[in-house]
Amino acid sequence: MPAQSQTSDSSTQPASHFIHDIIDEDRRAGKNGGRVHTRFPPEPNGYLHIGHAKSICLNFGTAKKYGGLCNLRFDDTNPTTENPEYVASIQNDVRWLGFEWDDRLFYASDYFEKLYQFAEHLIETDKAYVDSQTHEQISAQRGDFYRPGQDSPDRTRAKEESRALFRRMRAGEFPDGAHVLRAKIDMRSGNLNLRDPVIYRIKRAHHYRTADSWCIYPMYDYAHCVSDALEGITHSLCTLEFEDHRPLYDWCLDQLPVPCHPQQIEFARLNLSYTVLSKRKLLQLVEDKLVDGWDDPRMPTLAGLRRRGYTPEAIRAFCDRVGVGKRDGVVDVSLLEYHLREDLNARAARAMAVLRPLRVVIENFSEGEVLWCEAQNHPEYPERGSRKVPFGRVVYIEQDDFREVPPKKWFRLTVGSEVRLRYACLIRCHAVVKDPATGEVTELRCTWDPDSRGGSPKDGRKVKGTLHWVSAEHAKDAEVRLYDRLFSQENPNDGDDFKSFLNQSSLQVLRGCKVEPALAASQPAELYQFERLGYFCGDNKDLRDGKLVFNRTIELRDSWAKIEGRQQGES
RNA sequence: UCGGGGAUCGUCCAACGGCAGGACUCCAGAUUCUGGCUCUGGAUAUCUAGGUUCGAAUCCUAGUCCCCGAACCA
């Protein structure tokens with residue numbers, strides 16, 4: 001059985017929720033002929049993040065559940081912020097997450113001509129007019145939360161005149177901002193979105209797909225609902241902030257001869273503790289060089305999570321567990337980490353690596369002799385085989401696994417104590433060698449028990465501590481990047497400036513780490529558990545040309561750190 | 001002070017007039033050649049006040065609090 005199938009992908013049948021209740025009811029009533037067709041509609045103005053993953057899983061997952069389809073559509077109606085790099089990254093990320101749109105890749109910009117014709121239809125039916133006032137005049141007339149708006153003097157403009165002006169807008173006869181096309185709805189509505197919203201503006205900007213063929217561009221509220229209808233979408237799922245756009249969504253479709261009228265349903269977007277999930281803020285981190293690009297392993301982008309070592313299965317399981325509701329809240333990042341560890345524990349091959357090496361000399365072990373130790377690749381899956389790890393007279397252990405003055409409940413190494421070197425043997429420490437200048441421990445002098453070859457002593461005595469180690473003679477050098485959460489505050493969105501909550505030690509680069517020789521063959525993005533430390537992966541950019549670079553995806557749970565932390569709290 | 005939403009363990013999600021349940025987190029223990037994994041046990045919640053009902057998280061009334069909304073952004 002391939003290792004892949006033994007992982008913990010729990011994405012078989014996602015949990016039900018209020019949206020599926022609505023769809024169940026629609027199907028019972030025979031709406032849309034029982035058909036379910038959704039869409040994921042990103043704007044290509046940034047990289048996808050874990051919040052988008054929730055929407056992707058919802059949209060593609062809903063289609064799958066009901067035997068329907070889900071389109072990928074780029075909502076590219078604002079040429080000033082969008083570009084092909086984002087289009088490419090989004091497609092790459094959706095595929096990586098495990099979803100496929102087949103031949104249903106669409107762009108709102110593909111509908112520009114149709115959108116334009118529908119706009120003329122609105123003018124013909126007296127449902128839209130060209131307003132020639134300034135931006136300031138229009139916004140002053142909009143009123144506010146407490147006062148109704150006032151009709152524009154152009155609201156009663158003859159439709160022939162509006163039509164002529166609109167055509168001249170398209171033809172490029174006016175400068176940016178000279179005119180706009182507005183829907184004629186209700187300037188006194190309590191819903192500001194219905195106070196004659198602008199649906200077309202003049203904007204001389206080069207569009208990454210339509211180049212310079214247009215100088216007028218449709219606005220979201222108008223373009224989105226029509227795009228949905230043109231694609232035969234049945235359920236248009238979006239986030240809560242669009243709730244009071246729904247009357248406008250419905251209004252537009254009610255005025256136009258579109259093939260169908262999709263139902264917009266809003267759900268709560270994902271928020272995660274200790275991070276920010278807004279494209280604006282993420283873009284700032286990138287532009288201000290506070291992180292190393294959109295795929296920095298500390299970023300909550302899918303590209304960043306991928307480089308960090310997250311798997312699509314872990315992210316999907318997380319999105320499924322988070323659920324779908326209408327309350328906006330903040331999901332604890334520990335839930336994400338739980339699903340990550342659950343998947344990685346099943347998936348990752350075990351290996352030994354020493355991050356902060358401490359030299360250990362086994363005095364009664366012959367110089368030049370090598371003991372080849374049989375080490376399992378995965379203790380829970382013996383069928384994944386084992387490897388031979390060389391052991392010699394000099395090995396490295398983790399500095400942190402030795403204490404001259406052991407705290408309570410310490411069962412690692414100290415002078416006089418005995419520990420197991422995993423898969424190798426038992427050793428006992430007799431003496432420490434210190435740097436005379438600094439007093440720093442530089443070497444341990446130990447002896448081994450030849451009757452404990454493989455790690456199990458012949459007399460069956462119990463040894464509580466087991467350490468990971470690497471033979472000095474055979475070790476490979478590696479760079480290891482230790483990542484921690486990007487923000488030190490649980491909700492970095494709370495204060496005045498989210499950047500002031502950046503965790504100053506979110507990245508620690510360790511050089512001169514010692515890894516077991518088998519790791520020399522590791523590949524970019526390959527996942528490991530470095531025993532007793534955590535999950536690591538080969539960096540997908542910098543692991544190359546024989547240079548070993550590993551990213552720490554996440555630490556193992558560390559109950560010793562808790563005990564010790566508590567002890568220190570008590571003293 | 002307008003319009004739209006929302007209030008259930010610390011967190012997220014269920015319960016759709018009939019025993020408030022699950023997951024994460026936390027705590028205690030068992031097991032262990034990873035202080036990992038696994039297993040067992042435990043702690044913690046219906047915003048408030050009235051009402052309807054044999055029975056209310058759920059229905060009604062009145063409050064309170066939170067979120068979103070005044071781009072020619074999406």
Side-chain angles (χ1 to χ4, degrees), chain A residues 15-17 21 41-43 45 75-78 80-82 108 131 134-135 138-139 142-149 176-177 179-182 189-195 197-203 216-217 219-221 223-224 238-247 266 268 270 273 279-280 318 321-339 341-342 345-346 350 352 375-376 379-380 409-412 419-424 426 452 454-456 462-468 529-534 555-564:
Chain A
S16 195
H17 43 73
D21 291 345
E43 184 190 9
N45 68 345
D75 215 341
D76 53 357
T77 57
N78 183 2
T80 56
T81 57
E82 299 154 2
D131 197 327
T134 64
H135 198 326
I138 290 174
S139 90
R142 195 174 339 264
D144 58 30
F145 291 154
Y146 314 112
R147 283 178 313 220
D176 288 10
H179 309 274
V180 290
L181 184 69
R182 288 228 261 172
S189 172
N191 182 345
L192 287 281
N193 297 121
L194 263 20
R195 316 242 264 229
V198 171
I199 57 176
Y200 265 94
R201 77 281 210 187
I202 303 173
K203 184 178 274 211
I216 58 172
Y217 292 95
M219 301 289 290
Y220 165 83
D221 285 302
H224 196 88
C238 64
T239 45
L240 251 26
E241 69 269 28
F242 293 101
E243 229 154 6
D244 53 12
H245 290 241
R246 187 174 359 113
E266 310 84 12
L270 174 70
S273 60
K279 279 197 274 188
R280 200 195 97 245
F318 166 74
R321 176 55 71 181
V322 156
V324 180
K326 295 197 68 147
R327 292 177 248 189
D328 55 0
V330 183
V331 176
D332 199 310
V333 73
S334 65
L335 184 63
L336 211 211
E337 295 174 343
Y338 167 80
H339 287 286
R341 289 194 181 100
E342 184 185 48
N345 177 51
R350 312 284 120 128
M352 291 200 284
Q376 289 182 281
E380 288 162 52
K409 293 183 181 170
W410 177 262
F411 45 82
R412 275 119 97 149
V419 297
R420 170 185 298 108
L421 295 183
R422 186 144 161 93
Y423 297 125
L426 266 33
S452 66
S456 308
K462 296 292 175 198
V463 176
K464 253 196 153 187
T466 298
L467 310 185
H468 59 280
Q529 184 198 94
F530 289 172
E531 298 223 26
R532 300 210 311 131
L533 294 175
E555 311 104 295
L556 251 28
R557 266 202 195 79
D558 189 353
S559 56
W560 164 247
K562 267 183 204 168
I563 295 169
E564 191 178 30

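What you see is a predicted model; the values in this text were computed from it and never measured. Chain letters run A, B, ... following the sequence lines, proteins first, then strands; residues in each count from 1.
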Problem set entry | Rounded P spacing from B:C27 to B:C66 in Å | 32 Å
For this session: Examine the base of B:G35 for any acceptor or donor lying under 3.5 Å from a partner atom in the side chain of A:Arg532, and report the outcome as yes or no.
Result: no
Exercise. Rounded to the Å, how far apart are A:Glu531 CD and B:C37 P?
Worked result: 13 Å
For this session: Please tell me which of the listed nucleotides, B:U25, B:U34, B:A74, lies nearest to the side chain of A:Ser334?
Result: B:U25
Exercise. Does A:Arg201 reach the main-chain N or O of A:Val180 with its side chain, forming a donor-acceptor pair under 3.5 Å?
Worked result: no
Exercise. Can you tell me if A:Arg147 uses its side chain to pair, donor with acceptor, with the backbone of A:Arg142 under 3.5 Å?
Worked result: no
Problem set entry | Gap in Å between the two P atoms, one belonging to B:A56 and one to B:G50, rounded | 14 Å
Exercise. Using the P atom in both, what is the distance from B:U53 to B:U58, to the nearest Å?
Worked result: 16 Å
For this session: Under 4.0 Å between any heavy atoms, over every strand shown, what does A:Ser452 touch: base, sugar-phosphate, or nothing? Just pick one.
Result: nothing
Exercise. Hey, does A:Val330 reach any base, or is it just sugar-phosphate, or nothing, if we go heavy atoms under 4.0 Å?
Worked result: sugar-phosphate
Exercise. Under 5.5 Å between ring centres and under 30° between planes: true for A:Phe145 and the base of B:G69?
Worked result: yes
Exercise. What is the nucleic acid contact for A:Gly329, judged by heavy atoms within less than 4.0 Å: base, sugar-phosphate only, or nothing?
Worked result: sugar-phosphate
Problem set entry | A:Val322 side-chain proximity, nearest of B:C26, B:G35, B:C12 | B:C12
For this session: Would you kindly check whether a donor in the side chain of A:Glu380 faces an acceptor in the base of B:G36, or vice versa, at under 3.5 angstrom?
Result: yes
Seminar exercise, completed: Picking from B:G36, B:C72, B:G4, the nucleotide nearest the side-chain atoms of A:Arg350 would be B:G36
For this session: Provide the Watson-Crick or G-U wobble partner of B:C2, both distances under 3.5 Å; none if there is no partner.
Result: B:G69
Exercise. Using atom P of each nucleotide, how far apart are B:C72 and B:C16 to the nearest Å?
Worked result: 45 Å
Exercise. Side-chain contact, heavy-atom cut-off 4.5 Å: A:Asp131 with A:Ile138?
Worked result: yes
For this session: Indicate whether OP1 or OP2 belonging to B:C68 is found under 4.0 Å from a side-chain N or O atom of A:Lys326.
Result: no
Exercise. Does B:A74 have OP1 or OP2 sitting under 4.0 Å from an N or O in the side chain of A:Thr77?
Worked result: yes
Seminar exercise, completed: A:Phe411 atom CZ is separated from B:U32 atom C1', nearest whole Å, by 11 Å
For this session: Please measure how far the C1' atom in B:U52 lies from the corresponding atom in B:C60, and state the result in whole Å.
Result: 7 Å
Problem set entry | Pairing partner of B:C59 (Watson-Crick or G-U wobble, both distances under 3.5 Å) | B:G51
Exercise. OP1 or OP2 of B:C73 less than 4.0 angstrom from a side-chain nitrogen or oxygen of A:Thr81, does that happen here?
Worked result: no
Exercise. Under 4.5 Å between any side-chain heavy atoms of A:Lys203 and A:Asn78, yes or no?
Worked result: yes
For this session: Could you check whether A:His17 and the base of B:C13 form a stacked pair, meaning centres closer than 5.5 Å and planes differing by less than 30°?
Result: no
Exercise. Hey, does the side chain of A:Asn191 reach the backbone of A:Asp244 with a donor-acceptor pair shorter than 3.5 angstrom?
Worked result: yes
For this session: Kindly indicate whether the side chain of A:Asp244 and the base of B:G69 share any N or O donor-acceptor pair separated by less than 3.5 Å?
Result: no
Problem set entry | Atom P, compared across B:U48 and B:C65: separation rounded to whole Å | 15 Å
Exercise. Between B:C26, B:G35, B:A74, which nucleotide gets closest to the side-chain atoms of A:Asp75?
Worked result: B:A74
For this session: Determine the interatomic distance between C1' on B:U64 and the same-named atom on B:A49; round to the nearest Å.
Result: 10 Å
Exercise. Looking only at atom C1', what distance separates B:A7 and B:A57, rounded to whole Å?
Worked result: 11 Å
Exercise. What nucleotide among B:G69, B:A74, B:A23 has an atom nearest to a side-chain atom of A:Arg201?
Worked result: B:A74
Seminar exercise, completed: Among the nucleotides B:G69, B:G35, B:U11, whichever has the atom closest to the side chain of A:Lys409 is B:G35
For this session: Look through every strand shown and name the nucleotide pairing with B:U31 as Watson-Crick or G-U wobble, where both distances are under 3.5 Å.
Result: none
For this session: Confirm from the modelled atom types if A:Arg557 and B:U25 form a donor-acceptor pair under 3.5 Å, side chain to base only.
Result: no
Exercise. How long is the line joining OH of A:Tyr338 and C1' of B:C37, in whole Å?
Worked result: 11 Å
Exercise. Using purine N1 to pyrimidine N3 plus N6-O4 or O6-N4 for Watson-Crick, or N1-O2 and O6-N3 for G-U wobble, each under 3.5 Å, what pairs with B:U64?
Worked result: B:A7
Problem set entry | Of the listed nucleotides B:C27, B:C72, B:C12, the one nearest the side chain of A:His135 | B:C72
Seminar exercise, completed: As its Watson-Crick or G-U partner within any shown strand, both distances under 3.5 Å, B:C26 has B:G42
Exercise. Would you say A:Arg142 reaches B:C2's phosphate, i.e. side-chain N/O to OP1/OP2 under 4.0 Å?
Worked result: no
For this session: May I ask you to decide if A:Gly455's main-chain N or O and A:Arg422's side chain share a donor-acceptor pair within less than 3.5 Å?
Result: no
For this session: Before accepting this row, confirm whether a basic side-chain N of the pair A:Lys409/A:Glu564 lies closer than 4.0 Å to the acidic partner's carboxylate O.
Result: no
Exercise. Is A:Tyr220 stacked on the base of B:A74 when the test is centres under 5.5 angstrom and planes under 30 degrees?
Worked result: no
